[in-house]
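Written below as C-alpha cells is the structure these notes are about.
Letters A, B, ... are given to chains in the order of the sequence lines, protein chains preceding strands, and every chain is numbered from 1. Everything quoted here is computed from the prediction, not taken from an experiment.
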2 protein chains.
Amino acid sequence: METRELRYFVAVAEELHFGRAAQRLGIAQPPLSRAIGGLERRLGTLLLERGSRGVALTEAGAVLLREARAALDAVEAAERRTRRAALAATGRPAVVLAAKAGASGELLAKLLDAYAAEPGAVAVAVDVVLCGPGEQTRLLHDGRADVALLHRPFDDTAGFDTEDLHREGQVAILPAGHPLSARPHVRLAEVTDLPDLPLPRWPRPDGTFPDGPGPQVRDHTQLTQLIALGRACAVVPESGRTGLREDLTAVPVSDAPTSPRSSPGPHTAAQQRSRGWSAPPLPCRRPPPKYGRGRRSH
Amino acid sequence: METRELRYFVAVAEELHFGRAAQRLGIAQPPLSRAIGGLERRLGTLLLERGSRGVALTEAGAVLLREARAALDAVEAAERRTRRAALAATGRPAVVLAAKAGASGELLAKLLDAYAAEPGAVAVAVDVVLCGPGEQTRLLHDGRADVALLHRPFDDTAGFDTEDLHREGQVAILPAGHPLSARPHVRLAEVTDLPDLPLPRWPRPDGTFPDGPGPQVRDHTQLTQLIALGRACAVVPESGRTGLREDLTAVPVSDAPTSPRSSPGPHTAAQQRSRGWSAPPLPCRRPPPKYGRGRRSH
DNA sequence: TGGAGCGATACCCGGGCGGTATCGCCGTCC
DNA sequence: GGACGGCGATACCGCCCGGGTATCGCTCCA
C-alpha cells in the first residue's frame with residue numbers, strides 16, 4: 001500500500017463523499033474512484049458502502065481509517081524527525097517539548113533550568129511548543145514533538161514511553177465568593193455535582209464534546225473565565241493555582257487521587273534508546289530530586 | 001514520502017550497498033540511486049555518505065532508518081488488520097494473541113478458558129501465535145498480533161497500552177545437583193555472579209548479542225539444555241518452573257523484584273477504544289480475580 | 001597503469017496516474 | 001411520470017515518472 005492510497009482513502013472516509021474528497025485532495029473525482037477501487041480489489045474487501053445518497057464506511061473501512069491515520073502519522077513523523085536530525089547535524093540540535101499552554105508553568109520553567117544545568121545538555125536546545133489541551137499526543141505521533149508534559153489522569157498516556165516526573169494533589173477552582181471557597185479543603189464529591197457549578201466538558205480528540213450539563217471549554221482561558229462568571233467549577237492539579245486570577249479561589253481537594261505528570265517520548269522504547277543525537281533525548285535525565293522520581297529500569 | 005521510497009531507503013540502509021539493495025528489491029540499480037537521490041533532495045539533506053568503498057549512514061540517515069521502519073510497520077499493520085477485519089465481517093472474527101513459546105503456558109490456558117466463558121466473547125475466536133522471545137513487540141507493531149503476553153522486566157512494554165494481569169515471584173533455575181539447589185531460597189546476588197554458571201545472553205531485537213561471559217541462547221529449549229549441562233543458570237518468573245525437566249531445580253529468589261505480566265494492545269489507546277469489532281479486543285476483559293488486577297482507568 | 005567494483009548519469013520505453021467527457025442510477029420536484 | 005440534478009463509475013486520452021539498458025567517472029588494488 002502506498003501512502004498516496006492511504007491519503008486518498010482517509011480523505012474519502014472523512015468526507016464520505018468522493019467529490020468533496022477529490023476537491024480536498026486537489027485532484028479530479030475519477031482518479032479517486034479508481035484508486036479506492038484498486039485498494040478494495042487488492043485488499044479483497046469493500047471499504048465503502050456506496051449508497052444512492054453518499055457513502056458509508058464498512059467494518060473493514062473503519063479499521064483501515066484508524067490504521068491509516070496511524071500509518072500516515074508515522075510517515076509524517078519520519079519526515080519531520082529526519083529533517084530535524086539534518087538541522088541538528090549542521091546547526092544546533094534540539095529536542096521539541098510539547099506542553100499544554102497555561103498549565104504546568106512553574107514545572108516547565110524549572111525543568112528547562114534543570115536541563116540547561118545538565119552536563120551534555122549544553123549542545124541541545126529544548127524547543128517548547130505550547131498547544132491546546134489534548135493536542136500533545138497528536139504532536140508526539142506525527143513527529144512535531146519528541147517529548148511532552150502530560151497530566152494523568154486527564155491526558156491519556158497509553159501508547160507512550162512515560163516517566164513520572166512529579167506527583168501532586170488537586171485543587172478545586174471556584175469563584176471567589178462561593179460558599180465552599182472559604183473552606184480549608186473540600187471533598188471531591190462536594191464539587192463534582194454542584195448543580196449551579198457543573199464541571200466543564202473538554203473536547204474529545206475528534207473535536208466533538210461529550211454530553212453533559214457543563215459548558216464546553218477548549219482552553220484554560222475559557223475555563224477560568226467561565227468559573228469567574230460563576231458558570232462552572234473545575235478540579236485541576238495543584239500547580240494550576242499559580243498565576244490564578246484574583247476573582248478565583250483554589251481549595252485543596254482532600255480525597256482526590258494524586259495526579260502525576262508524565263513525560264512521554266516517541267512511541268517505542270527503541271526510538272528512545274537509539275536516537276541518533278549526541279545528547280539525551282529526555283530533558284532532565286538525572287532530574288533534581290524535587291521533580292524526578294527515578295528512571296525507568298530498562 | 002511514499003512507502004516505496006521508504007522501502008528503498010531501508011533496503012539500502014540495511015545493505016549499505018546500492019547493488020545488493022536493488023537486487024533484494026528486484027529492481028535495477030539506477031532507479032534505486034535516483035529514488036534515494038530524490039528523497040535526499042526533497043528532505044534537503046544527505047542520508048548516505050557515499051565513500052569509494054561502500055556506503056555509510058549519515059546522522060539524518062540513521063534517524064530516517066529508525067523512523068521508516070516504524071512507518072512501514074504501521075502501513076503493514078494497516079493492511080493486515082484491514083484484511084482481518086474483512087474476514088471478521090464475513091466469517092469468524094478473531095483476536096490474535098502473541099505469546100512466547102514455552103513460557104506462561106498455564107496462564108495462557110486459563111486465560112483462554114476465562115475468555116471463552118465471557119459473555120460476548122463467544123463470537124470472537126482468540127488465535128494464539130507462539131513466537132520466539134522478544135518477537136511479541138514486533139508482531140504487535142506490524143499488525144500480525146493484536147495483543148501479547150509480555151513479561152516485565154524482561155520484555156519491554158514501552159510504547160504499548162498495557163495492563164498488569166498477574167504478578168509473581170521469580171525462581172532461579174539450576175542444575176539438579178548444584179549446591180544451591182538444595183537451599184529453600186537464594187538471594188539474587190548469589191546466582192547472578194556464579195563464576196561457573198553465568199547468566200545467558202539473549203539476543204537484542206536486531207539479532208546481535210550483548211557482550212558478557214554467558215552463553216548465547218535464542219529460546220527456552222536452548223536455555224534449559226544449557227542449564228542441564230551445567231553451563232548456565234537463569235532467573236525466570238515462578239511460572240517457569242511448571243513443566244521443568246527433571247534434571248533441573250527451581251529455587252525461589254527471595255529478593256528478586258516481582259515480575260508482572262502485561263497484555264499490551266496496539267500502540268495507541270484510541271485503537272483499543274474504537275476497534276471496529278463487535279467484541280472486546282482484550283481477552284479477559286473482566287478477568288477472574290486470580291489473574292486480573294483491574295482495568296485501566298480510562 | 002589497467003582492471004575491477006560501485007555509484008551516478010544519459011537515454012529510452014511503457015504503465016500508471018490524472019485529466020475530460022460521459023454514462024448509469026437514483027431521488028426529487030413540478 | 002418525466003425532466004432534472006446529484007453522485008459515483010466508466011471510457012478514453014495524454015503525459016509524467018518509474019524502471020530498464022548502456023555507459024561514464026571515480027577509486028582502489030594488483
Exercise. Indicate yes or no for a side-chain donor-acceptor contact from B:T45 to the backbone of A:R83 under 3.5 Å, with no hydrogens or angles considered.
Key: no
Quiz item: Between B:T58 and B:E49, does any side-chain donor sit less than 3.5 Å from a side-chain acceptor?
Solution: no
Exercise. Nearest whole angstrom, please: distance from the C1' of D:dC7 to the CD of A:E15.
Key: 15 Å
Practice problem: Would you mind reading off the distance between B:R4 atom CZ and C:dG15 atom P, rounded to a whole angstrom? | Solution: 17 Å
Quiz prompt | Name of the residue among B:L57, B:V63, B:L64, B:V12 meeting side-chain contact (heavy atoms from CB on, under 4.5 Å) with B:L47 | solution = B:L64
Quiz item: Does the A:R201 side chain pair with the main chain of A:P210, one donor and one acceptor, at a distance under 3.5 Å?
Solution: yes
Quiz item: More than 12 heavy atoms of other residues, nucleotides or ligands under 6.0 Å from CZ of A:R7: is that the case?
Solution: yes
Quiz prompt | Protein-nucleotide distance (B:E2, atom CD; C:dC17, atom P), rounded to Å | solution = 10 Å
Quiz item: Hey, can you pull the residues of residues 36-50 of chain A with a non-hydrogen atom under 4.0 angstrom from DNA chain C?
Solution: none
Practice problem: Strictly below 4.0 Å, heavy-atom distances to any atom of DNA chain C: list the hits from residues 20-33 of chain B, or just say none. | Solution: B:Q29, B:P30, B:S33
Quiz item: Does A:H17 place a side-chain N or O at less than 4.0 Å from the phosphate oxygens OP1/OP2 of D:dG8?
Solution: yes
Exercise. Give a yes or no on this: more than 12 heavy atoms of other residues, nucleotides or ligands lie within 6.0 Å of atom CD of B:E76.
Key: yes
Quiz prompt | Separation of C:dG16 P from A:E5 CD (nearest whole Å) | solution = 12 Å
Quiz item: Ignoring hydrogens and geometry, is there a side-chain-to-backbone donor-acceptor pair from B:R50 to B:L48 under 3.5 Å?
Solution: yes
Exercise. Would you indicate what B:R34 reaches in the nucleic acid, counting non-hydrogen atoms under 4.0 angstrom: base, sugar-phosphate, or nothing?
Key: base
Quiz item: Do B:Y8 and B:R4 have side-chain heavy atoms sitting under 4.5 Å apart?
Solution: yes
Quiz prompt | Whole angstrom value for the distance that separates C1' of D:dG6 from CZ of A:F18 | solution = 15 Å
